[in-house]
Number of protein chains: 2
Amino acid sequence: MRLVIADCSVRYEGRLNAFLPLARRLLMLKADGSVLVHSDGGSYKPLNWMSPPAKLHVAEPSAEQVGEGVREAWVVQAAKTDDRLLIDIYEIHDDIGHDLGVDPGLVKDGVEADLQRLLAEQITLLGNDFSLVRREYPTAIGPVDILARDGSGASVAVELKRRGDIDGVEQLTRYLELLNRDPLLRPVRGVFAAQQIKPQARTLAHDRGIECVTLDYEEMRGNVDTQSRLF
Amino acid sequence: MRLVIADCSVRYEGRLNAFLPLARRLLMLKADGSVLVHSDGGSYKPLNWMSPPAKLHVAEPSAEQVGEGVREAWVVQAAKTDDRLLIDIYEIHDDIGHDLGVDPGLVKDGVEADLQRLLAEQITLLGNDFSLVRREYPTAIGPVDILARDGSGASVAVELKRRGDIDGVEQLTRYLELLNRDPLLRPVRGVFAAQQIKPQARTLAHDRGIECVTLDYEEMRGNVDTQSRLF
DNA sequence: GGTTTAATCTCGCTG
DNA sequence: CAGCGAGGTTAAACC
């Protein structure tokens, strides 16, 4: 990885056009040819960038550019599209290189998949007479997160989200519409389960006869710990 | 901005938990307290990070950590939440600081707003007898991107996307349902216009009697250039 | 400050 | 390879 602190202006041409006026910035050049242009602010997103695979070509600036003070004209060309990033270098204040090797990568815990696994194991959180049919129940328009049965044997389709908004309710509605055409399952109820449910989503769900359940991930994980300690 | 090349392990605790095993990485420390952990690969997204506002505190490593080779224990604490990033520093290979100042910021062209402006000006792209009623036509559930009339005087609601997927069709459907309750507008047709429309979205739209139109931004911008050259 | 929506989204999985 | 859904989405616009 090469890190350059430089006074530069940057132009992106591709899916859209974007321009950064002259200022001092960090240019991060990665081994795969990608380039990130960062300022001292904003969030993790660079001001401008080129995704890999790409190739950096350092060109001579034109006479006009030299007149404006440009020392180097960098062209970062995407390998598969005609997207490109044009970086005019006015002055380089620092330029360091380091070999970082390949990163072992990030290990996550607490994403939707973990929530789904826990809810499948603790399906009675939705009702103490509930039983699991299966996770990722396949349908023509995609898998239903969880299919369960209540005490009366009626089917229940569960849509699971970490954050429940209107989209999730729409998604569950489409599944319910489809599942209720199946004479072997019909009638199928819907449960919208999430760690947090927005008021608008709750209203829409209620409007469509869909039950809402908020889940406590820490508590659910605690239940597992308790179980594993007991057994 | 401070840039540190270090052998480190990183743990994030907050909305989820995530862990990065020991490896050599770039740590970018910004003036607002935010920290980005980058490897030499991936895309513009850091492996792990803390968003601003945040505060970095350098603590002494515990005896156990010292035994494992940890020299410094960094704690990056979010100012408003209890999210935090714990960085164990094993060895620092480089450490540079630069004052970048405030960035003048990015100027963009070609986002949805530009597309909407162009389509409003060139509404006949949807049909040569079309006329514009207004952009951002207000309704109770939010503004319709464009409202137009066809040659017969019938209303047409246009939902505009750069990339047309199923969500856009759902959105337009909700608008149409509402608009068709208005006796002054009824009947209202729907047009789903995007630079690219996914097959699934096209199928759903067709199923609901919504017309799909793909737009060529470059051509539309070219039309303006042509006009401005003519007049 | 909350809410909604776009994004050069990125990332991972599945068929 | 495309398509689809999740994301510590992030970030900007609007109310």
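Treat the numbers as computed from the prediction; the structure is a model and nothing was measured.
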Round to the nearest Å and state the distance from B/Leu115 atom CG to C/dA7 atom C1'. 14 Å
Given the P atoms of D/dG8 and D/dC4, what is the spacing between them in whole Å? 22 Å
Judged by nearest nucleotide, the residue sitting upstream toward the 5' end of DNA chain C, B/Arg174 or A/Asp83, is B/Arg174
Between B/Trp49 and B/Pro52, the residue closer to the 5' end of DNA chain D by nearest nucleotide is B/Trp49
What is the distance, rounded to the nearest whole Å, between atom NZ of A/Lys45 and atom P of C/dC9? 9 Å
In this structure, how many angstroms lie between the P atom of C/dA7 and the CD atom of B/Gln116, rounded? 11 Å
Ion pair A/Arg221/A/Glu218, N-O distance below 4.0 Å: yes
Quick one: sort the B/His38 and A/His38 rings into parallel, tilted or perpendicular, breaks at 30° and 60°. perpendicular
If you measure only the distance, is there a donor-acceptor pair under 3.5 Å linking the side chains of A/Ser155 and A/Arg149? yes
Starting from C1' on C/dT8, measure out to CZ on B/Arg163 and report it in whole angstrom. 9 Å
Distance in angstrom units between B/Asn48 CG and D/dG8 C1', rounded: 9 Å
Any side-chain donor near an acceptor of the partner, A/Asp109 and A/Tyr217, under 3.5 Å: yes
By nearest-heavy-atom nucleotide on DNA chain D, the more 5' of A/Lys161 and A/Gly42 is A/Lys161
Quick check on D/dG8: is either OP1 or OP2 less than 4.0 Å from any side-chain nitrogen or oxygen of A/Lys108? yes
A/Asp82 CG to C/dT8 P, straight-line distance once rounded to whole Å: 17 Å
When you check the phosphate oxygens OP1 and OP2 of D/dT10, does a side-chain N or O of A/Ser43 lie under 4.0 Å from one of them? no
Has B/Arg25 got a side-chain atom pairing as donor or acceptor with B/Cys8's backbone, closer than 3.5 angstrom? yes
Rounded distance in Å - CD (B/Glu112) to C1' (C/dA6): 7 Å
Need the pair for C/dC13. Rule: Watson-Crick or G-U wobble, both distances under 3.5 Å, any strand; none if unpaired. D/dG3
Less than 4.0 angstrom between a side-chain N/O of A/Ser51 and OP1 or OP2 of C/dT10, yes or no? yes
In whole angstroms, how far is the P atom of D/dA2 from the NZ atom of A/Lys80? 9 Å
For B/Glu121, is there an ion pair with B/Arg135 - N to carboxylate O distance below 4.0 angstrom? no
So, does A/Lys198 get its side chain near the phosphate of C/dG2, meaning an N or O under 4.0 Å from OP1 or OP2? no
Between C/dT8 and A/Arg84, is there an OP1 or OP2 to side-chain N/O distance shorter than 4.0 Å? no
Could you tell me how far C/dT8 sits from C/dT4 if I compare only their P atoms? Round to whole Å. 22 Å
Do the side-chain N or O atoms of B/Arg162 get closer than 4.0 angstrom to the phosphate oxygens (OP1, OP2) of C/dA7? yes
If you find the nucleotide of DNA chain C closest to B/Tyr44 and the one closest to A/Ile166, which residue's nucleotide is nearer the 5' end? A/Ile166
